[in-house]
Amino acid sequence: MSLGKRITGSAALLYALNLSVRFIGLFSTMVLARVLVPEDFGLVGLAVAYLAIIEGITAINLNSTLIKFQDDTAELYNTAWTLGLIRAGVIAIVIVISASFLPALMNEPRLEAIIYVLALQPLMQGFANPRFIEFEKNLNFRPLFITSVTSRVIATAVSVTIAVVYQSYWALIIGSLISGLMNLIMGYVMRPYLPRCSFGRVRDIFGFTAWLSGVSILSTLNLRLDTFIVGGFLDTKHVGYYRVGEELTSLPTGELIAPLTRSLFPAFSGMANEPEKLKSNVLDASSVVAAISLPATFGFAFLALDIVRLLVGEQWLFIVPMIQILTPILGLQTLSATASSVCMATGRTRDLFNSEIIFFVVRLTAVFTGVIFWGFAGIIGARVISGITYFLISNWRLIRAIKVPFFQPVLHSWRSIASAIIMVCVMWAYHHAGFIDVAEFPVFLRLGSSMLVGAFAYVFVHGILWKLSGCPLGPEARFLSIIRTMGRNTA
């Protein structure tokens with residue numbers, strides 16, 4: 001099987017399987033958002049964001065290192081496990097110590113008990129099986145899915161039960177810990193291995209991760225400081241709105257794009273010394289990402305009001321404008337979603353670090369300015385500015401790595417862009433042509449019929465544009481190949 005087919009097949013498997021995980025997560029969100037209140041989500045969101053920041057600023061990027069190195073020695077995996085365990089211990093100690101002053105700093109005394117309990121999470125991650133990454137390294141994502149879906153099902157069952165019975169925010173925390181524990185156990189069940197302490201490959205590991213660690217620090221601050229800024233300048237209720245809004249905003253891309261981009265790094269690493277082959281595959285992968293993400297994000301934004309009502313209920317309608325504005329920005333960013341994978345595969349980790357510095361300065365400045373002068377609306381405006389900045393920076397990283405004109409990745413996906421825009425126009429016409437009564441039609445039927453109309457319009461227009469372009473090799477050909485393969489397998 002060719003590498004291109006392996007990439008596409010792995011991504012298709014991850015996409016299909018991760019949808020199951022996403023549906024489980026949606027069920028959990030639908031129940032918890034109706035049982036708990038925004039303040040509960042905001043309180044836990046502050047604690048989780050704090051934990052993520054501590055983990056991010058101590059990141060060593062061990063998994064990326066193990067994928068990058070082609071050797072398979074026990075010493076390499078044991079060294080990675082040892083470093084991960086030491087890091088986990090440091091994180092747990094820092095979190096426990098900070099529990100004495102952080103609640104007072106955030107004016108939220110309930111944080112103390114939550115932080116103590118969450119200190120267990122990094123410890124479980126530190127003991128994780130280092131050999132489990134071999135599956136991903138070989139583009140075999142089935143064990144990853146089995147582990148993820150098992151842990152998610154059990155954690156969701158526990159969270160929902162606690163939430164329904166006790167109506168307490170502890171349902172979110174205990175569910176997170178159960179998920180971590182199950183991931184730890186399943187990792188060793190799927191790939192039995194007994195790690196040992198070793199420092200034999202420390203120099204090799206830090207030689208590759210030096211810049212990536214800086215990238216992780218800045219990336220974590222970029223993604224998590226917003227929550228603390230909202231909590232510091234506004235209140236816990238708005239933190240809850242922001243957290244759930246972010247979760248729903250990422251819904252159309254999180255489980256659609258992450259499986260594909262996750263499969264690209266190990267694949268691109270294998271062709272790092274073949275520039276022309278790498279360039280061709282990168283542009284091909286970028287067009288596939290765009291073909292999936294653009295209709296998902298544009299359609300999600302258009303249907304945001306009905307989606308919020310159906311998934312989390314009327315009490316969350318405050319976040320509808322946030323979803324309508326930010327979801328298309330995330331779709332724009334996915335046009336250069338392959339940039340990080342390409343940079344790591346080609347050893348351009350310094351480019352990643354430099355671009356994260358620029359993005360960090362722009363985002364932090366915009367967020368502080370926005371929340372001080374315009375409150376929650378200012379946060380949304382800041383996210384628009386930083387999102388566009390991130391797209392431009394990612395595109396710059398991509399064109400430096402594969403040496404193509406600046407807008408080549410975008411032009412390579414022009415059929416998807418045009419089809420997504422026309423799709424939204426068709427959906428708007430459907431809503432205003434009298435086919436449905438917006439006030440009387442049941443929300444789930446209105447939403448379902450709109451999605452079907454949009455999907456048909458997108459595929460139809462995409463197919464016509466592809467035919468008019470002479471049927472070039474691209475996402476259309478890839479998807480048709482997958483469909484034919486599935487047809488042969490089921491015949």
Under a 3.5 Å distance rule, please check whether [X] uses its side chain to pair with a backbone N or O of [Y] as donor and acceptor.
{"X": "His412", "Y": "Gln408", "answer": "no"}
{"X": "Trp316", "Y": "Val308", "answer": "no"}
{"X": "Asn183", "Y": "Ser179", "answer": "yes"}
{"X": "Gln315", "Y": "Pro38", "answer": "no"}
{"X": "Arg34", "Y": "Leu311", "answer": "yes"}

Find out whether [X] and [Y] are in side-chain contact, i.e. whether some heavy atom of one side chain is under 4.5 Å from a heavy atom of the other.
{"X": "Met423", "Y": "Val426", "result": "no"}
{"X": "Leu43", "Y": "Ile114", "result": "yes"}
{"X": "Thr297", "Y": "Pro252", "result": "yes"}
{"X": "Leu303", "Y": "Met451", "result": "yes"}

State yes or no: are the ring centers of [X] and [Y] separated by less than 6.0 Å?
{"X": "Tyr458", "Y": "Phe298", "result": "no"}
{"X": "Phe391", "Y": "Trp396", "result": "no"}
{"X": "His462", "Y": "Trp466", "result": "no"}

Between atom [atom1] of [X] and atom [atom2] of [Y], what is the distance when rounded to the nearest 0.5 Å?
{"X": "Ser148", "Y": "Met182", "atom1": "OG", "atom2": "CE", "value": "11.5 Å"}
{"X": "Ile323", "Y": "Ser250", "atom1": "CD1", "atom2": "OG", "value": "10.0 Å"}
{"X": "Ile292", "Y": "Thr334", "atom1": "CD1", "atom2": "OG1", "value": "9.5 Å"}
{"X": "Tyr169", "Y": "Thr236", "atom1": "OH", "atom2": "OG1", "value": "11.0 Å"}
{"X": "Ile417", "Y": "Leu411", "atom1": "CD1", "atom2": "CG", "value": "8.0 Å"}
{"X": "Lys403", "Y": "Ile399", "atom1": "NZ", "atom2": "CD1", "value": "10.0 Å"}

Please verify the inter-ring angle class for Phe318 with Phe376; under 30° counts as parallel, over 60° as perpendicular, anything in between as tilted.
tilted

Do the ring planes of Tyr241 and His238 sit parallel (below 30°), tilted (30 to 60°) or perpendicular (above 60°)?
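Answer is perpendicular, since the angle exceeds 60°.
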
Any side-chain donor near an acceptor of the partner, [X] and [Y], under 3.5 Å:
{"X": "Ser98", "Y": "Tyr50", "result": "yes"}
{"X": "Ser28", "Y": "Thr156", "result": "no"}
{"X": "Tyr390", "Y": "Arg383", "result": "no"}
{"X": "Gln121", "Y": "Ser176", "result": "yes"}

Side chain to side chain contact (heavy atoms under 4.5 Å, CB included) between Thr249 and Phe300, worked out
CA-CA 8 Å; Thr249 298; Phe300 196 88; over 6 Å; no

With a 4.0 Å cut-off, would you call Arg363 and Glu356 a salt bridge?
no

